[in-house]
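The block underneath contains the structure these notes are about, expressed in structure tokens.
Counting starts at 1 for both ligands and their atoms, following the listed order. If you're wondering where the values come from, they're calculated on a predicted model, not measured in any experiment.
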Amino acid sequence: MKNTRILFVCLGNICRSPAAEEIMRQLIKKDGLSNKIDVDSAGTYGGHAGDLPDPRMRRAARARGYELTSRSRRITEDDFRKFDLIVVMDDSNYERAYRLAPSLEDAGKIRRMTDFCRLHRATYVPDPYYEGARGFEIVLDLLEDACGGLLEELKKGPAI
Ligand code: 4NP
């Protein structure tokens, strides 16, 4: 398996993408692949830069065994040079990331998180920011499914 660097991207980088980052990190560690796969996360909106993840997301994630400690940052053009895969949560993230990509080849690194789901049929990971507690559980269900699928794809070979 080739070394892979993955950047998870949402809007604020305080709910969905930091959760994806930690879920993926734990799966990678469990498989002994921490020296092969690097993960990070960023947001297309910089308004929460420097913040810890949203307390509601942290609480819901902690209940499933994930400690979210990353600090929010905005995605940059340079991320397209640093990362092999840019995994976005919804269409809005996709469009914003696409516009930021320095080249068409770099834009080709963008994938939708839900494309890796194996159990759920969703086409995007819904923004939980203005939702109740249930919204955060749905996000975690989708992210656990998709992170498992993404890791399987990476282990299979060079296709993505
Ligand atoms: P995220 O959720 O994109 O999953 O981190 C949001 C965080 C902040 C805002 C919207 C969504 N906001 O409008 O500030």
Side-chain angles (χ1 to χ4, degrees), residues 4-29 37-80 82-102 106-151 153-154 160:
T4 310
R5 287 157 299 181
I6 307 166
L7 183 69
F8 295 103
V9 174
C10 62
L11 176 60
N13 190 213
I14 55 168
C15 295
R16 293 165 291 176
S17 62
E21 177 189 344
E22 187 54 28
I23 290 168
M24 193 67 185
R25 185 175 286 119
Q26 283 203 17
L27 288 179
I28 290 164
K29 195 171 169 195
I37 308 171
D38 277 338
V39 289
D40 192 6
S41 65
T44 59
Y45 163 67
H48 290 280
D51 291 355
L52 279 169
D54 186 286
R56 298 165 297 169
M57 189 77 253
R58 296 183 76 189
R59 196 176 313 122
R62 189 177 301 123
R64 297 192 190 200
Y66 310 111
E67 276 306 320
L68 308 188
T69 57
S70 65
R71 296 279 175 175
S72 174
R73 71 174 182 88
R74 190 173 194 171
I75 185 175
T76 67
E77 211 181 303
D78 207 36
D79 285 322
F80 282 88
K82 290 185 186 151
F83 291 90
D84 303 295
L85 279 178
I86 311 275
V87 183
V88 299
M89 301 296 149
D90 62 30
D91 286 350
S92 166
N93 310 153
Y94 192 103
E95 280 181 36
R96 286 168 183 236
Y98 194 96
R99 271 189 256 125
L100 192 64
D106 287 315
K109 296 176 174 178
I110 305 171
R111 296 283 188 287
R112 287 183 174 78
M113 189 68 180
T114 46
D115 285 351
F116 300 106
C117 279
R118 296 168 298 180
L119 304 172
H120 301 92
R121 281 193 162 273
T123 54
Y124 63 98
V125 181
D127 181 347
Y129 195 68
Y130 297 104
E131 304 293 327
R134 178 83 194 115
F136 290 87
E137 298 302 328
I138 290 169
V139 165
L140 289 170
D141 287 346
L142 290 171
L143 294 180
E144 287 181 330
D145 185 9
C147 282
L150 172 55
L151 187 54
E153 290 292 319
L154 292 172
I160 57 168

Q: State which residues pass side-chain contact (heavy atoms from CB on, under 4.5 Å) with Ala20; sequence neighbours excluded, sorted by chain then number.
A: Phe8, Met89, Met113, Leu143
Q. Would Asp51 and Ser72 count as having a side-chain donor-acceptor pair, cut-off 3.5 Å?
A. no
Q. Would you call Arg25 and Glu22 a salt bridge, using N to O less than 4.0 angstrom?
A. yes
Q: For Arg121, check salt bridge (Lys or Arg N to Asp or Glu O under 4.0 Å) against everything at least two apart and list the hits.
A: none
Distances for all N or O pairs of ligand 1 and the protein under 3.5 Å?
| residue | atom | partner | partner atom | Å |
| --- | --- | --- | --- | --- |
| ligand 1 | 3 (O) | Leu11 | N | 2.9 |
| ligand 1 | 3 (O) | Gly12 | N | 2.8 |
| ligand 1 | 3 (O) | Arg16 | NH2 | 2.9 |
| ligand 1 | 4 (O) | Arg16 | N | 2.9 |
| ligand 1 | 4 (O) | Arg16 | NE | 2.8 |
| ligand 1 | 5 (O) | Gly12 | N | 3.4 |
| ligand 1 | 5 (O) | Asn13 | N | 3.2 |
| ligand 1 | 5 (O) | Ile14 | N | 3.0 |
| ligand 1 | 5 (O) | Cys15 | N | 2.9 |
| ligand 1 | 14 (O) | His48 | NE2 | 2.9 |

Q. When you check the gap from the basic side-chain N to the acidic O, do Lys82 and Asp40 get nearer than 4.0 Å?
A. no
Q: Kindly write out the residues that satisfy side-chain contact (heavy atoms from CB on, under 4.5 Å) with Glu95, not counting sequence neighbours, or none if the list is empty.
A: Arg99
